[in-house]
Amino acid sequence: MTESRTPPKKKTAITLPQEVLEQLKARETAGEIPSVSGHIQTLLQREQEAGEVDAVLARLFPAGRPKAEHLEWAARALGIGAGQSDAEQSSAA
């Protein structure tokens, strides 16, 4: 079994508007986020993942947007073909 390793961490200071910091602290106290630093770490991770997805999409669709045939394929693959009624699509979901 492969052991997952947590990358080393290092502290840094960031400057936030007081209002934003107070909102984050309130969310931490309410249990909505694990911690201020944990929340920021999660947001940075999402940003990195979104950048990776954008890079893949740019390689797949160099013209910028998927063409109609790509969208049709995706609809068929997801079982939401254009020929289905709204009720059929809802029951398939």
Side-chain angles (χ1 to χ4, degrees):
M1 188 161 115
T2 306
E3 184 180 323
S4 67
R5 303 172 110 190
T6 303
K9 295 180 181 181
K10 192 167 185 175
K11 286 189 171 205
T12 189
I14 62 170
T15 302
L16 298 172
Q18 184 174 349
E19 177 182 303
V20 171
L21 184 57
E22 288 170 358
Q23 290 171 356
L24 288 171
K25 288 287 191 181
R27 292 182 65 196
E28 179 181 12
T29 301
E32 295 174 13
I33 60 174
S35 65
V36 172
S37 62
H39 184 63
I40 292 170
Q41 184 176 349
T42 298
L43 293 176
L44 292 172
Q45 179 73 31
R46 287 181 188 170
E47 183 180 85
Q48 180 179 358
E49 290 168 357
E52 292 168 1
V53 169
D54 288 345
V56 169
L57 291 174
R59 285 195 305 273
L60 291 173
F61 307 107
R65 292 197 43 91
K67 295 181 180 173
E69 65 263 22
H70 299 119
L71 298 175
E72 291 169 10
W73 174 89
R76 284 192 312 275
L78 294 171
I80 54 171
Q84 290 182 328
S85 70
D86 289 341
E88 289 173 321
Q89 289 181 18
S90 296
S91 66

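Note that the coordinates shown come from a computational prediction; the quantities given were computed from them, not determined experimentally. Positions are given from 1 along the sequence. Below, all heavy atoms of this structure are taken into account, side chains as well, without hydrogens, waters or symmetry copies.
Counting non-hydrogen atoms of other residues, nucleotides and ligands closer than 6.0 Å to CD of E47 gives a total of 12 or fewer. Counting non-hydrogen atoms of neighbouring residues, nucleotides and ligands closer than 6.0 angstrom, the CD atom of Q18 reaches no more than 12 such neighbours.
Not counting sequence neighbours, E19 has no partner by the side chain to side chain donor-acceptor pair (under 3.5 Å) test.
Residues V53 and L44 fall into different hydrophobic clusters, defined by Ile, Leu, Val, Met, Phe, Trp and Tyr side chains chained together at heavy-atom separations under 4.5 Å.
Using a 4.5 Å heavy-atom cutoff, the side chains of Q45 and T42 are not in contact. Side-chain contact between L43 and H39: present, with at least one pair of heavy atoms (C-beta onward) separated by less than 4.5 Å.
Rounded to the nearest 0.5 Å, atoms CG (L71) and CZ (R65) are 7.5 Å apart. One distance of note links CD1 of I40 with CG of L16; it measures 5.5 Å at 0.5 Å rounding. The line from CZ of R27 to OG of S35 is 11.5 Å long, rounded to the nearest 0.5 Å.
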Worked check of side-chain contact (heavy atoms from CB on, under 4.5 Å) between W73 and R76: CA-CA 5 Å; W73 174 89; R76 284 192 312 275; 3.9 Å; yes
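Minimum heavy-atom separation, I33 to L24: CD1-O, 3.5 Å.
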